[in-house]
Amino acid sequence: MPELPEVETVKEKLKPRLINKQIIDVSVYWPNVIANIPVAEFENNLKNQVFIDIKRRGKWLVFELTDYHLLVHLRMEGKFFFKSRTDEKNKHEHVIFRFEDIELRFHDVRKFGKMYLLGKDDLSTAKPLSELGLEPDDDNLTVDYLKDKYKRKNLSIKEALLDQRIITGIGNIYADEILFLSKINPYRKAKDLNSRELKSIIDNTRSVLKQAIIKGGTTIRSYVSLDNKKGEFQNYLLVHGKANLPCSVCGTPIIKEFIGGRGTYYCATCQNKKR
DNA sequence: CCAGCAGCCTGTGCGC
DNA sequence: TGCGCACAGGCTGCTG
């Protein structure tokens, strides 16, 4: 499901409702969600913890608690809902955080989502955040940085944009949009791109993600931020999901093909150079 | 080190 | 209607 704009939206919506709330009790119903410690330990450690802040790193939600950091990755379908204690448990709700007045439930149809419970100090050096590349808005994200990261890789630029160790936060939808706006063919080798093209990718990454955040993310099939709120950016997509529809710039039908196993949409005329 | 591919899961939409 | 297959905003772990 979510890429950077969707996770950012979830974070902002959770914040006002979660900060300063104290956990009474946690129940895990699908143990594989908890990635780094036994479920019993996860449940016990979270008792009485207070939510101090919520941040985002790449596609990870980072909940700062009294004594821990709780990291949550929504993967394809993970969602949070606030529900009343008396609401019946949905079969896709795998973790329930209970507060005095309400419950926060983690809902994940495909069970791909992951949670880590870590100590307070070792965040940036410990898995899973230690391997992540630069945030798109980081000033260190430059043409030279990308040149250096791409030079040894024999990857297409589409695959390279999805590599979270280089830039973090871009997923399949926004990678297609970024390449369309940059007029770069998704099959081009990342290492073959020139400075002007890399600059264009950086600029368009920033502008697309920023616009998507303003619109509350993109809902194509299942994404909702909180309490079933959909995004609006799907109304502004230019190529992703537009197979056979005319390109908004030149009218050529948009092509869908698989690159690196992921459905990839592009305009063969506007993104023409294929090397 | 790398590329490629199965695996993790369930649901939906399509063609027959 | 039903059945089977392909595919879905992601990432890990295995193989060669």
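Letters A, B, ... mirror the listed sequences (proteins, then strands); counts begin at 1.
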Any strand, both distances under 3.5 Å, Watson-Crick or G-U wobble: B/dC9 pairs with none
* To do: Establish, with yes or no, whether the OP1 or OP2 oxygen of B/dG7 is under 4.0 angstrom from a side-chain nitrogen or oxygen of A/Lys111.
  => no
**Study point:** Ring-base stacking, A/Phe112 with B/dC8 (5.5 Å, 30° cut-offs)
**Key:** yes
From CZ of A/Phe258 across to C1' of C/dG10 the rounded distance in Å is 15 Å
Of A/Glu8, A/Glu64, A/Glu6, the one forming a salt bridge (Lys or Arg N to Asp or Glu O under 4.0 Å) with A/Arg56 is A/Glu8
Would you say A/Lys114 reaches C/dC11's phosphate, i.e. side-chain N/O to OP1/OP2 under 4.0 Å?
no
Out of B/dC9, C/dC11, B/dA3, minimum distance to the side chain of A/Trp30 belongs to B/dC9
Under a 4.0 Å heavy-atom cutoff, the residues of residues 205-220 of chain A touching DNA chain C are A/Thr218, A/Thr219, A/Ile220
For A/Gln164 and C/dC11, is the shortest distance between a side-chain N/O and OP1 or OP2 below 4.0 Å?
yes
Residues A/Arg188, A/Glu197: salt bridge by 4.0 Å N-O rule = yes
**Asked** Ion pair present between A/Glu77 and A/Lys111, side-chain N to carboxylate O less than 4.0 angstrom?
**Response** no
Atom CD of A/Glu77 and atom P of C/dC7 are separated, to the nearest Å, by 17 Å
Any side-chain N or O of A/Lys256 below 4.0 angstrom from OP1/OP2 of C/dA8? yes
Q. Can you get from A/Trp60 to A/Leu14 by hopping between Ile, Leu, Val, Met, Phe, Trp and Tyr side chains that sit under 4.5 Å apart?
A. no
With A/Asp176 as partner, the option from A/Lys256, A/Lys242, A/Gln271, A/Lys158 fulfilling side-chain hydrogen bond (donor to acceptor under 3.5 Å, both in side chains) is A/Lys158
Query raised in the report: According to the interplanar angle, ranging from 0 to 90°, do the rings of A/Phe233 and A/Tyr174 count as parallel (below 30°), tilted (30 to 60°) or perpendicular (above 60°)?
Result: tilted
- Looking at every strand, decide which applies to A/Leu162 at a 4.0 Å heavy-atom threshold: base, sugar-phosphate, or nothing. nothing
Notebook entry, point to check: What distance, rounded to whole Å, do you find between the two P atoms, one in C/dC14 and one in B/dC9?
Noted result: 15 Å
Does B/dC1 have OP1 or OP2 under 4.0 Å away from a side-chain N or O of A/Asn154? no
From CZ of A/Arg75 across to P of B/dC9 the rounded distance in Å is 11 Å
To the nearest angstrom, the CG-P distance between A/Leu4 and C/dC11 comes to 11 Å
- [ ] Please state whether the phosphate of B/dG11, meaning OP1 or OP2, lies under 4.0 angstrom from any side-chain nitrogen or oxygen of A/His92.
- [x] yes
When rounded to whole Å, the CH2 to C1' distance for the pair A/Trp60 and C/dT12 reads 11 Å
Under 4.0 angstrom between A/His73 side-chain N/O and C/dG10 OP1 or OP2:
no
Margin query: Work out how far the P atom of C/dA6 is from that of B/dC5, and round it to whole angstrom.
Written below: 16 Å
- [ ] Measure the acute angle between the ring planes of A/Trp30 and A/His94, then classify it against the limits of 30° and 60° as parallel, tilted or perpendicular.
- [x] tilted
Rounded to whole Å, CD1 of A/Ile259 lies from P of C/dC7 at a distance of 15 Å
From CD of A/Glu131 across to C1' of C/dG10 the rounded distance in Å is 16 Å
Rounded to whole Å, the NZ-P distance (A/Lys127 to C/dT12) equals 7 Å
Tightest non-hydrogen contact, residues A/Arg105 and A/Asn90, listed as NH1-N, 4.4 Å
